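Encoded as structure tokens, the structure appears first; notes follow it.
By convention in this document, chain letters (A, B, ...) are assigned in the order of the sequence lines, proteins followed by strands, and residues within each chain are numbered from 1. These numbers were taken from a predicted model, which means no experiment stands behind them.
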Number of protein chains: 2
Amino acid sequence: MSTVDKAISLLDLFSIHAPELGLAEIARRSGFDKATTRRLLLSLARHGFVEQDPSTRHYRLGAGLTRLARIREARFPILQTALPFIRELSVATSETVHLAEAVNGSLLTVLVEHPARANRVNVDVGEYLPLHSTASGIAYLSHAREEEVKEALGRPLAAYTSRTLTEPAAVLREIEAARVRGYSVMDQGYEDGVVSVAAAILGSGGSAIGTLAVAAPLVRTSKAAAAERGRAVAAAAREISERLSGEDFNVLKSRASA
Amino acid sequence: MSTVDKAISLLDLFSIHAPELGLAEIARRSGFDKATTRRLLLSLARHGFVEQDPSTRHYRLGAGLTRLARIREARFPILQTALPFIRELSVATSETVHLAEAVNGSLLTVLVEHPARANRVNVDVGEYLPLHSTASGIAYLSHAREEEVKEALGRPLAAYTSRTLTEPAAVLREIEAARVRGYSVMDQGYEDGVVSVAAAILGSGGSAIGTLAVAAPLVRTSKAAAAERGRAVAAAAREISERLSGEDFNVLKSRASA
DNA sequence: AAATAAAGGTTCAAATAATGAACCTCCGGA
DNA sequence: TCCGGAGGTTCATTATTTGAACCTTTATTT
């Protein structure tokens, strides 16, 4: 593990639920020596990736990240493009809508819109989504390069619930079904009592660069409701893909095989 | 310079104007060896801080940054809080409005709203603002800790235009005037033909954590127009400060001296 | 179609930077 | 006042980083 990896892995300790951490805690969680941890934090702080609260001396993520994220957004405006659609979907379905981006063959939740109701599915920004057991993952794989699919299904597939598909062949059938249908459906594959639908957002190369998903409690999800959400999410994903690339969705899809 | 610093400094090579760079170019600009540069980029890519375009092989900033930036935003919602005010100010003034955050005693532009007119001031997201020669910088220093002011004015002050104040005493007078007035005014101190007004956003500790500014061409900036923008920007900054900390602005201000 | 140039990528002995046990100080309970 | 735990620092030991030289691919020129 390189020093750089160690430094960045410290950033991964921060989350929505643990936004501020002390030196001792960071050292404990990372497993690095206190001196090492501090030196890494100082490097990160020098670039605004973390900042230290002057009174508590705890560390938190810094504004330098915001700066870089916005530079990325300026060229790759996934968030801005998707935001109105996410809002609209959330209002139309009254369910949780979330956007994930592909990073290194993983899916990363970058934006979540929760409906204003008590019984809803909660998804956290910053969460990684397993590819084989979430609607988002299946939608992603249905438009990923062949070798990415192989790699994702090549390793042991964790069973999150009793319904999680852990057989590569079964997952492949879901992927194929999603490709034909235009959206994926995951019935309690990641969490009991949660049914999600998702569709892939395609980049100019024709393969998936992210996914859009609607997650709802089982009790509100009839077959018909799932199908309706599926169509809505697919339509939104198509529109987002076209706005991002400036090209027709069918042209994008055809490019993947080339 | 630690390895971590080197890796992060690579990220700083990317900007709005150079969002994608090849390996050779990154090596050239950073001054690191090609092999070193590549190893660092691989580490960054492993965490989604950069990604490589499969076709051009060029590197660009990655979605992992977005993830961390959003985790920060969840705890420190400066952007979300400020966004509506920035929009409103931009519409009301028909001029460029920008938000900067304090990072390591520097000011970093994190959000810009440009008006829809031909002759306007352009500010780039990701730009660092000098403290002694911009309205934002003066506004920031007018609510910074004494030692920060000393450090900012202790080094040689660059003259960006013939009107830039390069005498610490003169800058201090501006800082004092801004503190009394509630906003700062910078008449062509950073760029000829540009007049800006700015106000500080205060954190719960009572000192400035960022600034809000309106930048306009000289030709549209009468004394009266500047004063009006100044009052507007000060009112917005006050409101943003109160929403962020949940405390009264005067209470916040008084806390600084404590 | 051969030649050239420039980019991306890889290797391994030499050089340099990272490591962590031990130490210090400060703070809030008991 | 003593204690435990926090943040922070030091420096000989240790492990990682470095870069010149090399290969491969791709685009451009002759």
Decide side chain to side chain donor-acceptor pair (under 3.5 Å) for A:D124 and A:H17; before the verdict, give the C-alpha distance in whole Å, the side-chain angles of both, and the deciding distance to 0.1 Å. CA-CA 9 Å; A:D124 287 333; A:H17 306 290; 2.6 Å; yes
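Within 4.0 Å (heavy atoms only), A:E25 reaches no atom of the nucleic acid at all. Using a 4.0 Å heavy-atom criterion, one finds that A:A35 contacts the bases of the nucleic acid, with or without backbone contacts as well.
Taking atom CG of residue A:D5 and atom C1' of nucleotide C:dA17, one finds them 16 Å apart after rounding to whole Å. Computed from coordinates, the A:L23 CG to C:dC26 P distance equals 17 Å when rounded to whole Å. Protein atom CD of B:E20 is 17 Å distant from nucleotide atom P of C:dA7, rounded to whole Å. Between A:H58 atom NE2 and D:dG5 atom C1' there is a gap of 12 Å when expressed in whole angstrom units. The nearest whole Å value for the distance from the CE atom in A:M1 to the P atom in D:dT14 is 23 Å. We find that CG of B:L41 is positioned 15 Å from P of C:dA7, with the value rounded to whole Å. Here the P atom of nucleotide D:dA6 and the CG atom of A:L21 are 13 Å apart, to the nearest Å. In this entry the distance linking CG of A:L42 with P of C:dA18 reads 12 Å, nearest Å.
Among D:dG7, C:dT10, D:dT17, the nucleotide with an atom closest to any side-chain atom of A:S2 is D:dT17. For B:R39, the side-chain atoms get nearest to D:dT17 when compared with the rest of D:dT17, C:dG9, C:dA18. The side chain of A:R28 lies closest to D:dA6, out of C:dG20, D:dT18, D:dA6. Residue B:D33 places its side chain closer to D:dA20 than to any other of D:dA20, D:dG8, D:dT17. Distances from the side chain of B:A24 to the nucleotides C:dG9, C:dT19, C:dA7 place C:dA7 closest.
Between A:R57 and A:E20 no salt bridge is recorded (no basic side-chain N to carboxylate O distance below 4.0 Å). At a threshold of 4.0 Å, the pair A:R179-A:E176 counts as salt-bridged, since one of the basic side-chain nitrogens sits closer than that to a carboxylate oxygen. Taking 4.0 Å as the cut-off between side-chain N and carboxylate O, B:E51 and A:R72 count as a salt-bridged pair.
For B:K6, no side-chain nitrogen or oxygen approaches OP1 or OP2 of D:dT17 to under 4.0 Å. Put simply, B:Q52 has no side-chain N or O that comes within less than 4.0 Å of OP1 or OP2 on C:dA7. Distances shown here put a side-chain N or O of B:T36 below 4.0 Å from the OP1 or OP2 atom of D:dG19. Of the side-chain N and O atoms in A:Y59, one or more sit less than 4.0 angstrom from OP1 or OP2 of D:dG8. Contact between the side-chain N/O atoms of B:T3 and the OP1/OP2 oxygens of C:dA18 is found at a separation under 4.0 Å.
The environment of CD in B:E191 is sparse: at most 12 heavy-atom neighbours from other residues, nucleotides or ligands sit within 6.0 Å. Within a 6.0 Å sphere centred on CZ of B:R243, heavy atoms belonging to other residues, nucleotides or ligands number 12 at most.
A donor and an acceptor atom never sit less than 3.5 Å apart when one is taken from the side chain of A:K34 and the other from the base of C:dG20.
If B:R57 and B:G31 are placed on DNA chain D by their nearest nucleotide, the residue sitting closer to the 5' end is B:G31.
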